[in-house]
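Working notes, structure below.
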Amino acid sequence: MRAKVALMATVAASLLATGLAAPAQAAADPGLELSNFELRPLSNKAELQGRIDKLNADLPNIGVNSLLKEAQTSGRTGKWDTEVCNKAATELGTKPQGFAKSFCFDTADNGTDDGSEWWPQGVTSVADADEDQTWGDPETGWNPADHKPMMVTWYNKDDWNDDKKPDDVDEGGTNTERKGVRVSFIDSSTGKYAHVLLVYPFINDSGNASYMSVRTSQHYSKAGGKQYGSLHAGGMVWYGYYLYVADTNRGFRVFDLRNIIDLGALPADKWGRSKTAIGRQDGVYNAHGYRYILPQSDGWTNAACDTVEPPPGTPCDMQDEDKTCQATDVTSKTSFASLDRSSATRHITTGEWCEKAKVTDAFTTGRVIRRPMNTSGGTPALDANGYWQADEAYRIPFLASEQDNGGIQGAAVINGTYYLSQSRGQQNGRVLVARPDTATGRLVESSPRRTSAIGVEDYSVWPGTPNRLWTVTEHPGKRMLFSVTP
């Protein structure tokens, strides 16, 4: 099989040398074998839920609408705009093609050129979560239809100031500046928003329920061991009560929104405000200074890994380090994610971020994979064994006439058309529009590439007339959540 792939790559290179377009990947491509994309439930799901039950017994919960109501008075303030709200987010005053609306974070979250501790990545909204695009029922003084939530993931950049020195002292996961992942809950009307820190629950040495930051691997009892970085969280889908957060090397971490915890509702001496401390320590609950936390309750992993607590040194004990893609790759990365409500069966579409493809190699741009979802319940559609199978997979487009191929940060599907978000460093990113060629296994671009913004990331679709395609830009000082009409 490897020889077959090598032969196809050689043919592609020879055609490129003659100036002809590269051929599409053959249908026999082993990198598109659907069985390789099978995801399995975490082996310790019941254990995780037991830990969360203990946390919920000890700590006060809060719902999404109550959190947004609190944000109106105590949250952060962003800005909605019908123009580009952050001029630095595009080159030379340009505007993304099909631009519709934008949102800018406050000054602290926008970051500066000197560095930024948190980097925005994934995007989702209530339009993914519920068909009526509204969360919850009206109450006195609050109509959810007037406060439709949007969400953005941020990963903690462990060496955010690029000094190449450890910025933390990691003592069993309890005192650390590796803060993992946070999610911004944004009011799409008022611009008020609040951050929720995602956490991984465990039982500490005293037998009490505690939690740590969300890492590439979850080790909380090996002081002085390998330092695991913050999960990248490059994509997110809100479906029903559940947040599906991309885990690059495994699949998804899953968080149940009924488990949001409000540490601010505790007695003042029980909520720790230290920005380096996390978890329960001497009866005080810490969350890197954040008020809200949301513990992981479930997850889906590739066949090679059935836990996020692997023994050190095993094949699943890995980090988000590999940035290249090969024609011989089998197990896929989950770099981004979006929900497709336009198909007869709802799907989550995921894909791979790969470094810029070589000019002569059409097989290293990455892949997109689609897995079916149940219509109700917010859950995956599983096979008889309880596994989540892929039912479609394609190679990401490659154009020999383009200098930039690969670098895809997001993918969304609307009525069978794929929209791919391509980042290009400090240049405006682009939108690739493509349709699948099922005979060849490759997405084929159907129109010229469109201008986007600098540092564009994950995609999320807001269905309507017209449809809107949302993304966020990541670079410090150039951040903006915005939509276009595809």
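Only a predicted model underlies this, so the values are computations on that prediction, with no experimental measurement involved.
The closest side-chain heavy-atom distance from L32 to R395 is below 4.5 Å. The side-chain heavy atoms of Y418 and D340, taken from C-beta on, include no pair separated by under 4.5 Å. With a 4.5 Å cut-off on side-chain heavy atoms, F37 and R367 count as touching.
Ion pair E402/R430 flagged as a salt bridge, since at least one NZ, NE, NH1 or NH2 atom sits closer than 4.0 Å to an Asp/Glu carboxylate oxygen. R253 and D247 are joined by a salt bridge, as a carboxylate oxygen and a charged side-chain nitrogen come within less than 4.0 angstrom of each other. A salt bridge links E131 and R346; the closest N-O separation between the charged side-chain nitrogens and carboxylate oxygens is under 4.0 Å.
With hydrogens and angles left out, the side-chain atoms of Q427 and E91 include no donor and acceptor closer than 3.5 Å. If you check the side chains of N259 and S297, you find no donor sitting under 3.5 Å from an acceptor. Counting only N and O atoms by type, the side chains of T379 and N374 include a donor and acceptor under 3.5 Å apart. Between the side chains of Y193 and D109, at least one donor-acceptor pair of N or O atoms lies under 3.5 Å. No side-chain donor-acceptor contact under 3.5 Å links Q389 and Y387. Using modelled atom types and a 3.5 Å distance limit, the side chains of S460 and D128 yield a donor-acceptor pair.
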With side chain to side chain donor-acceptor pair (under 3.5 Å) as the test, would you mind laying out the steps for T349 and R370 before giving the verdict?
CA-CA 5 Å; T349 304; R370 283 165 60 79; 3.0 Å; yes
What's the verdict on side chain to side chain donor-acceptor pair (under 3.5 Å) for R250 and S217, showing C-alpha distance, side-chain angles and the deciding distance?
CA-CA 10 Å; R250 293 182 178 82; S217 284; 3.2 Å; yes
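Considering only residues two or more places apart in sequence or on other chains, Y292 meets the ring pair (Phe, Tyr, Trp, His ring centres under 6.0 Å) condition with none of them.
Proximity of the aromatic rings of Y241 and Y239 is defined here by a centroid distance below 6.0 angstrom, and this criterion is not met.
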